[in-house]
2 protein chains.
Amino acid sequence: MGQGSTARAVSEHVSDWITEGRLLPGAKVSDTAVATELEVSRNTVREAFRLLAHDGLLVHEFNRGVFVPLVTSADVRDVYRLRRVIEPAVVRSLSAADVHRLGPLQAAVGAARTASRRRDWPGVGTANMHFHRSLVALAGSPRLDVMMRRLTAELRLLFAVIDDPRFLYQPFVKRNRELLALMAKGRFEEGAGFLEAYLVDSEGAIVAAFEEKEQSA
Amino acid sequence: MGQGSTARAVSEHVSDWITEGRLLPGAKVSDTAVATELEVSRNTVREAFRLLAHDGLLVHEFNRGVFVPLVTSADVRDVYRLRRVIEPAVVRSLSAADVHRLGPLQAAVGAARTASRRRDWPGVGTANMHFHRSLVALAGSPRLDVMMRRLTAELRLLFAVIDDPRFLYQPFVKRNRELLALMAKGRFEEGAGFLEAYLVDSEGAIVAAFEEKEQSA
DNA sequence: GCATATTTGTCCGTATGTATA
DNA sequence: CTATACATACGGACAAATATG
């Protein structure tokens, strides 16, 4: 039974299916089908679905079933509107004492660089998300952490639609490093402004890729 | 089966029990007990618990059970830290076109005034929460709405601990009205600053009441 | 529009594992 | 350490709602 709950293991599976593109946005996810495939009880699968719905990776419509959410460019804009409010505010709220707590950010930047050298673009994507999650974690707010976890989960959903994420991530590996350097010097106000411009550019790139997709569809 | 799901009906019941003080913070909520009392299945109760945990009104610890969260003054500060980031940012993001969309805020202010005259302090509290939820709704962000719903749900949890919420709400009925007046004139930047000071004072009052409670306990 | 088949929501009883007295 | 209580997980079952022919 592993170390966690079975329901959590099932949720990991389904989560992977979404990021791997096996489950496309809008697809219905049948609890019985998942139950037979993973050889667990239907009740357990339903529990797993609740966990995923909690993070926004599935939506539950009463008496109709659970579905992979349909994401549009409007959703991209909404997610980034929140990021632009939250992340710079976190950087601005830091003080000199926090300079010595940047370890996780350093690690994420390093992971992004090695993944980039290996042309492992999904790896770059996960490292990027670790960077931003660790950044928000610096605020020390449990509620902000769960909000950011939900947002990054939705970002995974967004990126699953885009087939070639290389040009979306690669430019931002460098900017993560630059932001980290500013923070390490305690220049938080400057870093917050840098991050704001960063997020605006990132949103623009993703929205563009998205609307291109929407055209073709 | 009613109009919604039975699970939702059960969640409403338990939610009421918490606000009514029948379930105190830290209390364990047994699924079997709730199931027998409301005459529904344990499975359905567990579903209801998931819904409530999603809004932060219950916490789920693996292999231990479900509990009403223990709230401390640190939680009060955390909730208000988020409110101070989110709410002023919303006000700042508004434009002249939004002046004609303040109807729900007007209604909430009116409800607060009549409830205050009737010395219906819980009524004042709910009107106050409607005011702030409607304020955030002006941003037109679905994700921000669910975040705010979660925060207001937790505020209900906080206020359930305080027996006399009169002096906590009464001073802010007037300030809600003043903030609304500023927004109606399109003075959003000024309103954002006003709201920030407002939230600082509100936090101070609630933290004080809370630490008084913690002393006696 | 109707009858049918599928799916979902809900329930029960039980077995197994985990935490706590 | 043992024993008790409890939580997780299972599989089967049925009614209601939905989708399908």
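All figures in this text were calculated on a predicted structure; none of them were measured in a lab. Note on naming: letters A, B, ... go to the chains in the order of the sequence lines (proteins, then strands), and numbering restarts at 1 for each one.
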For [X], check salt bridge (charged side-chain N to carboxylate O under 4.0 Å, His left out) against everything at least two apart and list the hits.
X       : value
A:Glu39 : none
B:Asp98 : B:Arg101
A:Arg92 : A:Glu189, A:Glu196
B:Asp78 : A:Arg143, B:Arg81

* Asked: Which of residues 38-47 of chain A have a heavy atom under 4.0 Å from DNA chain C?
  -> A:Arg42, A:Asn43, A:Arg46
In whole Å, I'd like the distance from the [atom1] atom of [X] to the [atom2] atom of [N].
X       : N      : atom1 : atom2 : result
B:His60 : C:dT18 : NE2   : C1'   : 13 Å
B:Leu58 : D:dA7  : CG    : C1'   : 16 Å
A:Arg50 : C:dT10 : CZ    : C1'   : 11 Å
B:Asn63 : C:dG17 : CG    : P     : 12 Å
A:Leu51 : D:dT8  : CG    : P     : 11 Å

Short N/O separations, protein against nucleotides 5-7 of chain C, under 3.5 angstrom:
none

* How would you list, by chain and number, every residue that makes a side-chain hydrogen bond (donor to acceptor under 3.5 Å, both in side chains) with B:His130, sequence neighbours excluded? -> none
* Asked: Going by the side-chain hydrogen bond (donor to acceptor under 3.5 Å, both in side chains) test, which pairs reach into residues 18-38 of chain A, not counting sequence neighbours?
  -> A:Arg22-A:Glu37, A:Ser30-A:Thr32, A:Asp31-A:Arg42, A:Asp31-A:Arg46
For a quick test of your reading: what N or O donor-acceptor pairs under 3.5 Å do the side chains of residues 57-69 of chain B make, sequence neighbours left out?
residue: B:Glu61; atom: OE1; partner: B:Arg64; partner atom: NH1; Å: 2.7

* Asked: Do the two ring centres, one from B:His132 and one from B:Tyr198, sit under 6.0 Å apart?
  -> yes
